[in-house]
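Everything on this sheet refers to the single structure shown next.
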Amino acid sequence: MSERLIPLGEIVTTHGLEGWLKLKLYNPQTPTLSSTQKVFLEKGGASSPHWLEARKPHKGHLLLRLRGVEGIDEAEKWVGAILSVAEEALQPPGSGEYYYYQVLGLDVFDTGGEWIGIVTRIWSKAGGDLFVVTGTNKEHLIPAVKEIIEKIDLPGGKIIINPPPGLLDL
């Protein structure tokens, strides 16, 4: 498969007896999923294409109905799967916006040009997103807020931060 798949969330359980799946989105505000869209379920190293028939919000998650998944027995085998879409299916982000996957692997520097580390994960917390930046000897949690993030340079592969005193010492 040559298309790049972008993970959007994890199937955490089934819902009801008719084959609905409960999806925990990595970014709950994502507008990406729409009915009648092609999605991919990845589990155990294999990727399987499916067509999304219906979706509806449910208690902070999304309930999905996939074509061909009829009943709870068929749905249960997808619990734990990662739901992805083809990169081409993503709408272009607006000015100053980015998708999470785009910052993973970027080098992080402070405003003085000192290398801090590489973004290895993004944690979405109630208070906001945190970039997990892995340095040579330490892991840093950098709040993804405009007061700290000076610039995200996707073409240049780097992020410039202006950390408040003590942030990198934690």
Side-chain angles (χ1 to χ4, degrees), residues 1-13 21-33 37 39-48 55 57-64 77-170:
M1 179 180 304
S2 63
E3 51 194 338
R4 181 175 180 192
L5 299 180
I6 307 303
L8 298 181
E10 180 181 354
I11 304 296
V12 292
T13 190
L21 297 164
K22 187 184 284 188
L23 175 70
K24 180 180 179 191
L25 288 165
Y26 297 139
N27 176 6
Q29 289 78 37
T30 188
T32 301
L33 288 176
Q37 178 178 5
V39 298
F40 298 85
L41 293 179
E42 300 173 90
K43 187 173 182 183
S47 178
S48 175
R55 58 167 252 158
H58 179 73
K59 298 182 181 178
H61 292 80
L62 222 101
L63 297 181
L64 305 177
K77 72 178 182 178
W78 295 112
V79 172
I82 302 299
L83 183 132
S84 301
V85 296
E87 187 174 29
E88 303 81 47
L90 297 175
Q91 296 182 15
S95 176
E97 297 179 335
Y98 55 87
Y99 285 105
Y100 286 177
Y101 80 92
Q102 293 175 304
V103 299
L104 294 174
L106 294 185
D107 285 303
V108 178
F109 297 89
D110 66 16
T111 52
E114 184 176 336
W115 184 78
I116 307 299
I118 297 173
V119 179
T120 54
R121 291 189 303 274
I122 298 174
W123 283 351
S124 294
K125 299 293 182 186
D129 294 337
L130 295 170
F131 291 165
V132 179
V133 178
T134 304
T136 305
N137 299 316
K138 195 170 188 178
E139 190 172 78
H140 304 281
L141 300 178
I142 309 294
V145 295
K146 63 184 175 188
E147 293 81 10
I148 296 174
I149 306 294
E150 291 281 323
K151 181 177 183 181
I152 297 178
D153 179 3
L154 294 175
K158 64 183 176 182
I159 297 174
I160 308 297
I161 66 169
N162 187 8
L167 179 66
L168 301 177
D169 298 327
L170 297 175

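These numbers were taken from a predicted model, which means no experiment stands behind them.
If you take CG on L154 and OH on Y98, they are separated by 9.5 Å, rounding to the nearest 0.5 Å. Between atom CD of residue E42 and atom CD1 of residue I11 there is a gap of 11.5 Å, rounded to the nearest 0.5 Å. Note: E147 CD to I161 CD1 = 13.5 Å, rounded to the nearest 0.5 Å. Between atom OH of residue Y99 and atom CD1 of residue I6 there is a gap of 10.0 Å, rounded to the nearest 0.5 Å. Between atom CG of residue L167 and atom CG of residue N162 there is a gap of 10.5 Å, rounded to the nearest 0.5 Å. Taking OH of Y101 as the reference point, atom CG of L5 lies at 11.5 Å (rounded to 0.5 Å).
The side-chain heavy atoms of F131 and I148, taken from C-beta on, include no pair separated by under 4.5 Å. Taking the side chain as every heavy atom from C-beta outward, W123 and L141 approach each other to under 4.5 Å. Looking at heavy atoms from C-beta onward, T134 lies out of side-chain contact with I118 at the 4.5 angstrom threshold. Contact check for I142 versus P163: no side-chain heavy atoms found under the 4.5 Å cut-off. L83 places none of its side-chain heavy atoms less than 4.5 Å from the side chain of L25.
Across S84 and P7, no two heavy atoms sit closer than the pair OG-CA, 3.4 Å. The two residues W78 and S48 have their closest heavy-atom pair at CH2-CB, 3.6 Å. Nearest heavy-atom pair across G80 and E10 is CA-OE2, 3.8 Å.
Residue H61 is tested with L21, V12, L23 for a side-chain contact (heavy atoms from CB on, under 4.5 Å); the sole match is V12.
The number of heavy atoms from other shown groups lying within 6.0 Å of NZ (K43) is above 12.
Listed for the K151 side chain is no donor-acceptor partner under 3.5 Å among the backbone atoms of K158. At distances below 3.5 Å, not a single donor-acceptor pair connects side-chain atoms of T13 with backbone N or O atoms of K22. Under a 3.5 Å cut-off, the side chain of K138 and the backbone N or O of L170 do form a donor-acceptor pair.
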Requested in this report: Please test L8 against V85 for side-chain contact (heavy atoms from CB on, under 4.5 Å), starting from the C-alpha separation and ending with a verdict.
Outcome: CA-CA 7 Å; L8 298 181; V85 296; 3.7 Å; yes
